[in-house]
Amino acid sequence: MCGIVGYIGEKNAVDILIDGLTKLEYRGYDSAGVAVVVDNNIKTERSAGKLINLKNKLEQSPLISNIGIGHTRWATHGKPSDENAHPHCSDHIALVHNGIIENYLELRDELINKGYKFLSETDTEAIAHLLHSLWEDNLEKTVRKAVQRLKGAYALAIISSREEGKILLARKEAPLVIGVGKNENFAASDIPAILHHTREFIFLEDGDIAIMEKDRLEIYDLNFNKVSRSVKTINWNPVMAEKAGYKHFMQKEIYEQPRAITDTIRGKYSLEDGKIYLSELEEMKGDLLSIERIQIVACGTSWHAGLVGKFLIEKFAKIPVEVDIASEYRYREPIVDEKLLFIPISQSGETADTLAALKLAKSKGAKIISICNVIGSSITRESHGTIYTHAGPEIGVASTKAFTTQLATLYMLAIYLSQLKDRLTKEERIKYVKALIKVPEEISSVLDLDHDIEMLAKNFKNYKNFLYLGRNINYPVALEGALKLKEISYIHAEGYPAGEMKHGPIALIDKNMPVLFLAINSPIYEKTLSNIEEVKARDGVVIAVASKSNNGISKKADYTIFVNDTIEETSIFLTTVVTQFFAYHCATLLGLDVDQPRNLAKSVTVE
Ligand code: M6R
């Protein structure tokens, strides 16, 4: 999705903007641009394609200024082109925008009637002309008037050559943060863009308008009352957001999983009594005691984590759980009451569909506990409580460590709820907690299989289709494995419950359809073996991911990757990492850009 960076201070803004936009590349984009004020004039440079095109233009004609705004655009209205790239200008005004203005056609017609000429196909240009048409004394008064005319979602950074010393910021349903510095201030849609410059952040709230000068910040709320927003310190280390010697962010993030899970579970369990301590939910304990149902709502990989969560919560806490895709949930009539616990799961905390589903459930009285990786993000701010995953910044578009830390969080939440409802014995809890704290070590043992899985990928990278099959808790892992393969290697892959194969997918089986089985030891392992026989009988090619103790499986499968024996409930961490490596190696062997796959954005902040 689009990225925003803004700077005002004493340094050259363009360097800071380009550096920030580079840090936001992972969000996905197809054009980029900057605008600065030079000698009382707005100067812009924009270019379709990757940032290198913009950098080349800036090398030819450098821009030097202490104030500027920059943008990476992911096309929604109008194709990727120089003209559609942000910033968009109207005479002395320039702005960058994330989000979608729903009434832009109406505004456009109105502004054309007033004599404005549109040079792009974007909704954003209408905001620039609207600001110009409403200009009144100064930028803040004008922005206040203009935002009242906007319908839809926006994060805006606006400059005017008539007021060289300020950047105006405004947000509604799209993220925007201020990075607080000394004699300088920064703005960004996402923390990693400016993490090199400051650790102090202000998260603007919906409806906020901020006036940002180099040594002054003023924030006004929806009703134009001056407000103070707290400054939060973010402890992410900037090195955590860089590749640290790995070839790709995705590779680094796969390898970071033992650390990420250790951080996520740290201080939250006791081996003595097998209890999970979630201090962040302490104030909600009373509410949680009375809940009767749970709905987990999310998108993509986070939805797959939700499916695992259903298995764990129903097994440990015996509370009924429904799992929904956020974009479906928000447009149907879900049954919600005050006895419902609603759990949105989101790495970014900014996914528009998940946020909208949350707001819907909240408006109907549900209690909201989000599972999220980004502190202060929109979803956490709307929730009654949040359990943070401590994955650290996830830059690769394909989610890896965010997923496994979500699984660890759901595992803890399931035990925590079982405690409240008294559904597991102490011995059972101790068994499950012991298994959880072994997960980082067990994942490390799968990291040792990296080379073996790369060799396997060499044999399979040229296949056009794949089936991923699993049962029980490994069925969502099959879905997640197939999604990983699709999104970064562009190989078509489908995930299914293995028992469902004979109800349709088996018709696809022939020598050109490899089937990856998550054939982990479980009470229904034998049934998975029968499914493997069914595939072999139809000339299918079988890859099995199996438990070491079941070594006989290698006689049935064509290729087997063995992982350590664990309980079924934690096997998902191991099988997940195998499928992450498999997708990663297929994609890199095909020479594809795994960190920024085509058409995808890291954070989907529009519908
Ligand atoms: O930030 P979120 O967890 O809300 O994002 C949800 C999905 O957009 C995300 O998981 C997406 O499916 C990833 N590309 C998966 O790798």
So, does [X] use its side chain to make a donor-acceptor pair with the main chain of [Y] at under 3.5 Å?
X	Y	result
Asn98	Cys2	yes
Lys268	Met412	no
Glu569	Leu312	no
His492	Asn465	no
Glu494	Leu467	no
Ser522	Ile524	yes
Gln251	Lys247	yes
Thr576	Phe573	no

Does [X] have more than 12 heavy atoms from other residues, nucleotides or ligands lying within 6.0 Å of its [atom1]?
X	atom1	value
Leu289	CG	yes
Lys527	NZ	no
Lys434	NZ	no

Only residue of Thr301, Asn373, Thr405 satisfying side-chain hydrogen bond (donor to acceptor under 3.5 Å, both in side chains) with Gln347 is Asn373
Can the ring centres of Tyr463 and Phe460 be said to be less than 6.0 Å apart?
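They qualify: ring centres under 6.0 Å apart.
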Original post:
If every non-hydrogen atom of Gln580 is compared with every non-hydrogen atom of Thr404, which pair is closest and at what distance?
Top reply: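 Looking at all heavy atoms of both residues, the shortest contact is NE2-CG2, 4.4 Å.
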Between Phe249 and Asp595 the two heavy atoms that sit nearest each other are N-OD2, 2.7 Å
With no hydrogens and no angle check, do the side chains of [X] and [Y] hold a donor and an acceptor under 3.5 Å apart?
X	Y	result
Glu442	Thr570	no
Ser444	Glu441	no
Tyr475	Glu500	no
Glu534	Asn531	yes
Glu280	Thr386	no

One should read off an interatomic distance between Asp190 CG and Leu24 CG, to the nearest 0.5 angstrom, of 5.5 Å
The reported gap from OG in Ser370 to CZ in Arg381 (rounded to nearest 0.5 angstrom) is 11.5 Å
Apply side chain to side chain contact (heavy atoms under 4.5 Å, CB included) to residues Glu282 and Tyr277 and explain how you reach the verdict.
CA-CA 9 Å; Glu282 205 49 42; Tyr277 295 91; over 6 Å; no
Would you call [X] and [Y] a side-chain contact if the rule is heavy atoms closer than 4.5 Å?
X	Y	value
Ser383	Ile369	no
Arg471	Tyr496	no
Glu382	Leu355	yes

* Asked: Which residues satisfy the salt bridge (Lys or Arg N to Asp or Glu O under 4.0 Å) test with Glu173, sequence neighbours excluded?
  ->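 With neighbours one apart ignored, the set is empty.
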Restricting to pairs with a member in residues 333-360, which pass salt bridge (charged side-chain N to carboxylate O under 4.0 Å, His left out), not counting sequence neighbours?
->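 Counting only pairs at least two positions apart or across chains, the salt bridge (charged side-chain N to carboxylate O under 4.0 Å, His left out) contacts touching residues 333-360 are Asp206-Lys359, Arg330-Asp353.
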query: How are the rings of Phe466 and Tyr468 set relative to one another: parallel (under 30°), tilted (30 to 60°) or perpendicular (over 60°)?
result: tilted
